[in-house]
Amino acid sequence: MQKIKSLMTRQGLRSPQESVNDLSPIESFRIPTKEELRELHEEPTDPQAQQEIINSIEEVYFSNDSFDIVKYELERLPPVLSLQELEEYRDKLKQQQAAVSKKVADLILEKQPAYVEELERVTSLQTGLQLAAVICTNGRRHLNIAKEGFTQTSLGLLANQRKRQLLIGLLKSLRTIKTLEEDYPGAIQLCLECQKAASTFKHYSCISELNSKLQDTLEQIEEQLDVALSKICKNFDINHYTKVQQAYRLLGKTQTAMDQLHMHFTQAIHNTVFQVVLGYVELCAGNTDTKFQKLQYKDLCTHITSDSYIPCLADLCKALWEVMLSYYRTMQWHENHDQDEAAVVSSVSDGNNVIGTEENSFDRNYVKKKLEHGLSRIWQDVQLKVKTYLLGTDLSNFKYDDFIFVLDIISRLMQVGEEFCGSKSEVLQESIRKQSVNYFKTYHRTRLEELRMFLENETWELCPVKSSFSILQLHEFKFMEQSRSPSVSPSKQPASAISSTVTLFEQYCNGGNPFEIQADSKDDETEDVLASNGYESDEQEKSAYQEYDSDSDVPEELKRDYVDEQTGDAPIKSVSRETLRSRKRSDYNLNKVNAPILTNTTLNVIRLVGKYMQMMNILKPIAFDVIHFMSQLFDYYLYAVYTFFGRNDTPILTSSLCASNREQHSARQFESTGLGLSSSRLRTTLNRIQESLIDLEVSGDPSGTLTAAEERKEKVPSPHLSHLVVLTSGNSLYGLAERVVATESLVFLAEQFEFLQPHLDAVMPAAKKPFLQQFYSQTVSTASELRKPVYWIVAAKAIDYEQMLLLMANVKWDVKEIMSQHNVYVDALLKEFEEFNRRLNDVSKRVRIPLPVSNILWEHCIRLANRTLVEGYANVKKCSNEGRALMQLDFQQFLMKLEKLTDIRPIPDKEFVETYIKAYYLTENDMECWIKEHREYSTKQLTNLVNICLGTYINKKARQKLLATIDDIDRPKR
C-alpha cells in the first residue's frame, strides 16, 4: 500500500485521505469520471494478477519525490537499441501503470462514501467559522465603543482626580513657600540668631560645622539680596525696596547697598538701550542671526532703518524714563524714610541711643549725597546713549513731520533731564543741533528750489481768502495758540491744561509714560480760510459791483474836447470833493471787505515760515539758523517781485518818437531825476540779496575752488517770470493787476513777519539779536518801498508823455497879447488821464486796488506829467512875457481839471512847475542865487532859463558867468 501511495505521489495523484485533509473553501479533490472508471474496470480484474504486476515494479519508483523516472529509463537503454525489445518493455510499463491506476480507482471507490460525508462536514465547518468571524468582528467593535465611552473616560477622570489632589497639595506648599519669599529681614534675622546661638556652643564639633553652614547661607542671602536690589532699577516697588533696605541695615551694609544700587542703575541703562535697539535691528533684519548681539551699541545703532527709527527712539526713551523714574522714586523713599526717622529720634530723647543715632545719621547723609551725586551721573549716561543713537542715522532725508516728531521726543527728554537734575542737556542739545542744522540745510535748500519753481510758474492771480484771514488759522501756526513751554511739542500737548508747577515725574509717578506715541488729532488740521471769488458771500460780491460804474464819477465837461473857461459853456452839475473821494475809493477797492491780497505762492511761503517756527520753537539752540533761513525765504520772494516787476530794462521815453536829441535828453532827464526809482535802502537790500543768495552763473566753473563751489550750493538761481504773464499790453495797464497782486502780497508777507517779530525775538540768542533787528529794519520794512519802482513803470507807460512834448513844441510862446484860452496839449494830457482812470477802474474789477497803490499810481503819473511840462517849457526857443502868462494859464487849467479826477493833495511837483515858470521873471542877480538854490532842475532846463529869459537883457559876459555857475553845479553829477 505504501508503494502505491508513493507511486501515486510520483504521478501527481493523492490518496483519498490526503485529499480530504487538504480540502479548503477554494480547492477540492477531483473525482474520476465515469469513462475513466469504466476503462479501469475493463482491465483484468484478477487481484492476484494485479498484485503481481504491482510487485514487479522496481523499488526505485517508490523512492523520494526528486526521482526522475524519464532520466532513469533513458539511462537503462542498451547501447544497441532493438525496436521489438523497446515495444515489449513499453507494454510492460503500460501494464504496470494500468495496474497502479486500477488499484487507485478501487481505493477511491471504496472510500467514496466516507469522502462525501467528510466533505459535507468540512463545508458545514467552513460556514460555522464564517459566522463566528462575523460575531467576533461585531463583538470587538462593541468592545471598542464601550472602552471609549466608559472605561477610558472613567480611567481618565480617575487619573485627573489624582493629579488634582496632587496639584492642590503642591499649591498649598507653594503658598506656604511664597509667604517665606523675599522676607530678607526675617531670613537674615533668623540666620543671625542661629549664628549667635551656634557661637555659644561652638566647642561642639557638630555645632562648628553648623556655624560654617550658616555663614554660607548668609552669603547666599546677600547674593540674592543684591539680585533683588537690581530689580529696583526698572520697576520700583516700595514694599520690595523697604524689605531690601531693612535687610542691608541688619547686615550693617547700608553704604555698600547704595554703591551697588548705583552700579545696577548704570548697568540697567546700558542693558536697556542695547536690548531695545537690538530688538528693532533683528526685527528689521528679518532673521535670527546672532551676529548683531556681538556688536557694540554704537555699531548697532547704525543698523536702524529709517522706518523703525522713530518707534525705536520712542521705545528707547520710554525705557530710559522707567529707569529714571525708579531712581526718582528711590530718592523719594529715602527722603520720606529720613523724615520719619528724624521724627522718631526727636520724640525719643534717650541718651543710651546717642551712638546708634550718630551712626544712622552718618549713613543717611552718605546715602543722601550719593543719591544727589548720582542724578547727574545717571542723566549723563542717558544723554550719551541717546546721543549715540541720534548720530547713528542720517536724518537729512526724513520727512518734515517725522523730523519734527524726533525733535519733539528729544525736547521732551531734555525737559525730563531738567526736572531730573536741573541739567541743560548740553550733550543732547549739541547732538540734536548737529542733526537739525544738517537736516534743515537740506530741507531749506529743497524748499528754496520749490519756491523758485512756484515763482516761475506763478501767474500772479489773486488767491481768494476771507477778510478775517489770519495766519493763526493755518495748521502750521496752531502751536502759537497753545500757552505752554516751548520745549513741549505742539502735537503732544494734552487737551487739558496742566499746571506748570506739576513736573513730569509727579504727573507720571503712578503710571503712564510721557513718551507714549499718540495719533495726531485731525480735527485741528481743518482750515477755513478760502473765500468764494474773493468775497465772503455772493451778496457782497453783487453789491460791490452794483455800486461800480466806470464813468459815474467823471464829469461831463471832462469828456468834451473843449471847454471855454470864460464863457462856461455846457456847465455841469457840481460834485463835491468828498463825494469824488468816496467814489474813487469805492471804485478802486470795490468794497471787497478788504480781503488780504496774496497768491498761492505767498500762502506756501507763510506755511513754510510756520514749519520753520515749529522747529525753532521745539529746539531753541538752532533758532538763529532757522531765522536766517526764514529771512532767505522773504529775501528771495522780495527779489523775485523786484526782478519780475520792478526792473525797467528798456528806456521808457526812448522809442522811435524820441529821435531828436531834445527828446533823448528828455528821457535822460526823467532817469536822472531818480523819479520812481528804488530808494538807497532798497537798492542796498537788493544788492545784498543778489550777492548772498542769488546764483548768477549759468553753469559751474570746473576750475573754481572748492570754497566757491560750496558757496554756490547755498545760492539759488534767479527766477524767471512765467510767459503766461503779459506786461506789455496797454489795455491791462501793462500788467497792473499782476503787479498789484505781486507787490501787495509781498507787503502782506512783510506784515506777517512784523506780526511774528516778538515770537522770533523771544527765541533768538542775545548775541544774534542784531541780525534780527537788521533784517527787520533793512529788509522787511523795505517791502512797501518796492511799490514805487513797480508802479512807476506803469505810470511811465500809461500816459503818452512824448506826444505831449510834441504838442508843446508846436505852441508859439512869443505871443504879443494875453491869451484867454489854454493850449490844446492840456486837453490832450487830460484825456490821457481820463483814459488812465478808466483803465484803472477796469483793472480794479479784477483785483482790489488798495488806496496806497492808487495814490502811488496817480502820484507817479502826475509827477511825470509835471516834469514833462517843465521839460516842454525848457525846449522853448522864444518866449515873451505874454507867453509866460500862457504857461501859467495852461498849468492852472491842468491843475483845476486834474483835481476833479484825483483826491491827492497836494498835487505832486506842483511847486516844481510853478517855480520854474516864475523863474522867467527873475533878474540877473536873482537868477544866480536861484540857480544855486534849485539844483533839482537839469542843466538843460537851467541853461534854457538863462538863454531865453535873460538872454535879451544881459550882456554876453554875464550870461557866460551864469552858464559857468550851472556847469559847476552839474560837474559833481557827472
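Small disclaimer: the values here were computed from a predicted structure and weren't measured. Sequential numbering from 1 along the given sequence is applied to the chain's residues.
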Regarding Asn881 and Arg884, do their side chains bring together a donor and an acceptor under 3.5 Å, going by distance alone? yes
Can you tell me how far the CZ atom of Arg683 sits from the OG1 atom of Thr782, to the nearest 0.5 Å? 12.5 Å
Quick check: does any side chain N or O of Gln752 sit under 3.5 Å from a backbone N or O of Phe748, one acting as donor and the other as acceptor? yes
Between Phe891 and Leu869, is any pair of side-chain heavy atoms under 4.5 Å apart? yes
Partners meeting side chain to side chain contact (heavy atoms under 4.5 Å, CB included) with Ile856 (sequence neighbours left out): Arg787, Tyr791, His860
I need the Glu458 CD to Leu724 CG distance, nearest 0.5 Å. 10.5 Å
Report the residues that fulfil side-chain hydrogen bond (donor to acceptor under 3.5 Å, both in side chains) with Asp926, sequence neighbours left out, ordered by chain and then residue number. Thr923
Can you find a heavy atom in the side chain of Gln892 that is under 4.5 Å from one in the side chain of Met887? no
Restricting to pairs with a member in residues 727-739, which pass salt bridge (charged side-chain N to carboxylate O under 4.0 Å, His left out), not counting sequence neighbours? Glu738-Arg846
List for me each residue that meets side-chain hydrogen bond (donor to acceptor under 3.5 Å, both in side chains) alongside Glu461, sequence neighbours excluded, and say none if there are none. none
When rounded to the nearest 0.5 angstrom, what distance separates CG in Asp903 from CG in Asn855? 6.0 Å
Any donor and acceptor pair, going by atom type alone, linking the side chain of Asp967 with main-chain N or O of Leu963 inside 3.5 Å? no
Find out whether Met808 and Val876 are in side-chain contact, i.e. whether some heavy atom of one side chain is under 4.5 Å from a heavy atom of the other. no
Gln941: which of His934, Glu871, Glu936 passes side chain to side chain donor-acceptor pair (under 3.5 Å): Glu871
Got a sec, which residues hit side chain to side chain contact (heavy atoms under 4.5 Å, CB included) with Thr684, two or more places apart in sequence or on another chain? none
Is there a donor-acceptor pair under 3.5 Å between the side chain of Thr902 and the backbone N or O of Leu898? no
Tell me, please, which residues at least two apart from Trp813 pass ring-ring contact (aromatic ring centres under 6.0 Å, His included). Tyr873
When you measure from the side chain of Ser781 to the backbone of Tyr776, do you find a donor-acceptor pair of N or O atoms at a distance under 3.5 Å? yes
Measure across Phe645 and Leu727 and return the closest heavy-atom pair with its distance rounded to 0.1 Å. CE2-CD2, 3.8 Å
State which residues pass salt bridge (charged side-chain N to carboxylate O under 4.0 Å, His left out) with Lys812; sequence neighbours excluded, sorted by chain then number. none
For Lys797 and Trp792, indicate whether the former's side chain and the latter's backbone hold a donor-acceptor pair under 3.5 Å. no
Quick one: does Asp909's side chain have a donor or acceptor within less than 3.5 Å of a partner on Phe912's backbone? no
Under the side chain to side chain donor-acceptor pair (under 3.5 Å) definition, can you give me all pairs with a residue in residues 630-640, not counting sequence neighbours? His444-Gln632, Thr602-Tyr637, His628-Gln632, Asp635-Arg688, Tyr637-Ser745, Tyr639-Arg647, Tyr639-Gln690
State, yes or no, whether a side-chain contact exists between Thr915 and Tyr937 at a heavy-atom distance under 4.5 Å. yes
Partners meeting side-chain hydrogen bond (donor to acceptor under 3.5 Å, both in side chains) with Ser777 (sequence neighbours left out): none
Give a yes or no answer on whether the side chain of Asp695 reaches the backbone of Pro717 with a donor-acceptor pair at less than 3.5 Å. no
Under 3.5 Å, is there a donor-acceptor pair between the side chain of Asp814 and the main chain of Gly883? no
Excluding sequence neighbours, so at least two apart, what forms side-chain hydrogen bond (donor to acceptor under 3.5 Å, both in side chains) with Gln778? Gln774
Not counting sequence neighbours, which residues clear side chain to side chain contact (heavy atoms under 4.5 Å, CB included) with His720? List them please. Glu456
CG (Leu840) and CD1 (Ile849) are apart, to the nearest 0.5 Å, by 4.0 Å
Under the side chain to side chain contact (heavy atoms under 4.5 Å, CB included) test, which residues partner Glu835, sequence neighbours left out? Arg838, Arg839
To the nearest 0.5 Å, what is the distance between CG on Leu829 and CG on Leu807? 9.5 Å
Under a 3.5 Å distance rule, please check whether Asn837 uses its side chain to pair with a backbone N or O of Leu901 as donor and acceptor. no
